[in-house]
Amino acid sequence: MSRAKHAVPSKAKRRKVLKQAKGYTGARSRRYRTAHEQVLGARDDAFAHRRAKKGDFRRLWITRINAAARENGTTYSQLVAGLKSAEVDIDRKMLAELAVNEPAAFSALVEVASQATQ
């Protein structure tokens, strides 16, 4: 019979996976094979959702900008086109921040955009 080797690293690897699976329900946190499958799936989801979060925030910013733009008598697309033609380089995150926290500054940007399109 062959002698078992690498017991310490193997046990450490299994312990690490079970530690990552802590909090999962039932066998998913107790059995190595099931826990390993669950952890691999969770890593895939975490990777994908970190990417998806960026799109989610962009959609949120655009919604906020559009709402504030409509309060100022224009639309999101007209505002962005006007800012582009006025060569105002401001990203959507900052525009959304201005729309929420600094309505006067946002109104000034809307005015600049409307002057550039006329």
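Atom CG in Leu18 sits 14.5 Å away from atom CZ in Arg28 (nearest 0.5 Å). In this structure, Lys53 NZ and His49 NE2 are separated by 11.5 Å, a value rounded to the nearest 0.5 Å. Within the model, atoms OH of Tyr24 and CZ of Arg30 stand 14.5 Å from one another, a figure rounded to the nearest 0.5 Å. To the nearest 0.5 angstrom, Gln78 atom CD is 10.0 Å from Asn66 atom CG. Of the inter-residue distances, the one linking Ser107 atom OG with Glu102 atom CD reads 11.0 Å to the nearest 0.5 angstrom. Within the model, atoms CD of Gln115 and OG of Ser85 stand 11.0 Å from one another, a figure rounded to the nearest 0.5 Å.
Between Gln20 and Arg43 the shortest side-chain heavy-atom distance falls below 4.5 Å.
Hydrophobic cluster membership is shared by Leu83 and Ile65, with clusters built from Ile, Leu, Val, Met, Phe, Trp and Tyr side chains linked at under 4.5 angstrom. Val100 and Phe106 fall into different hydrophobic clusters, where Ile, Leu, Val, Met, Phe, Trp and Tyr residues are linked whenever their side-chain heavy atoms come under 4.5 Å apart, directly or through other members. Under a hydrophobic-cluster definition in which Ile, Leu, Val, Met, Phe, Trp and Tyr are linked whenever side-chain heavy atoms come within less than 4.5 Å, directly or via other members, Met94 and Leu98 are assigned to the same cluster.
With sequence neighbours left out, the salt bridge (charged side-chain N to carboxylate O under 4.0 Å, His left out) criterion links Arg58 to no other residue.
With a 6.0 Å radius and a threshold of 12 heavy atoms from other residues, nucleotides or ligands, Lys54 has its NZ atom above the threshold. More than 12 heavy atoms of other shown residues, nucleotides or ligands fall within 6.0 angstrom of atom OH in Tyr32. The number of heavy atoms from other shown groups lying within 6.0 Å of CG (Asp91) is above 12.
In this structure, Leu95 and Ile90 approach most closely via the heavy-atom pair CG-CG2, 3.9 Å. Of all the heavy atoms in Gly82 and Ala116, the pair that sits closest is O-CB, 3.5 Å. Thr117 approaches Ser114 most closely through the heavy-atom pair OG1-O, 3.0 Å. Between Ala21 and Ser29 the shortest heavy-atom distance is O-CB, 3.4 Å. The two residues Ala96 and Arg64 come nearest to each other via the heavy atoms CB-CB, 4.3 Å. Taking each heavy atom of Asn72 and Val110 in turn, the nearest pair found is CB-CG1, 4.0 Å.
For the 3.5 Å distance criterion, the side chains of Tyr76 and Arg92 qualify, holding a donor opposite an acceptor.
Stacking of Arg51 on the aromatic ring of Phe47 is recorded, both the 6.0 Å distance cut-off and the 45° axial limit being met.
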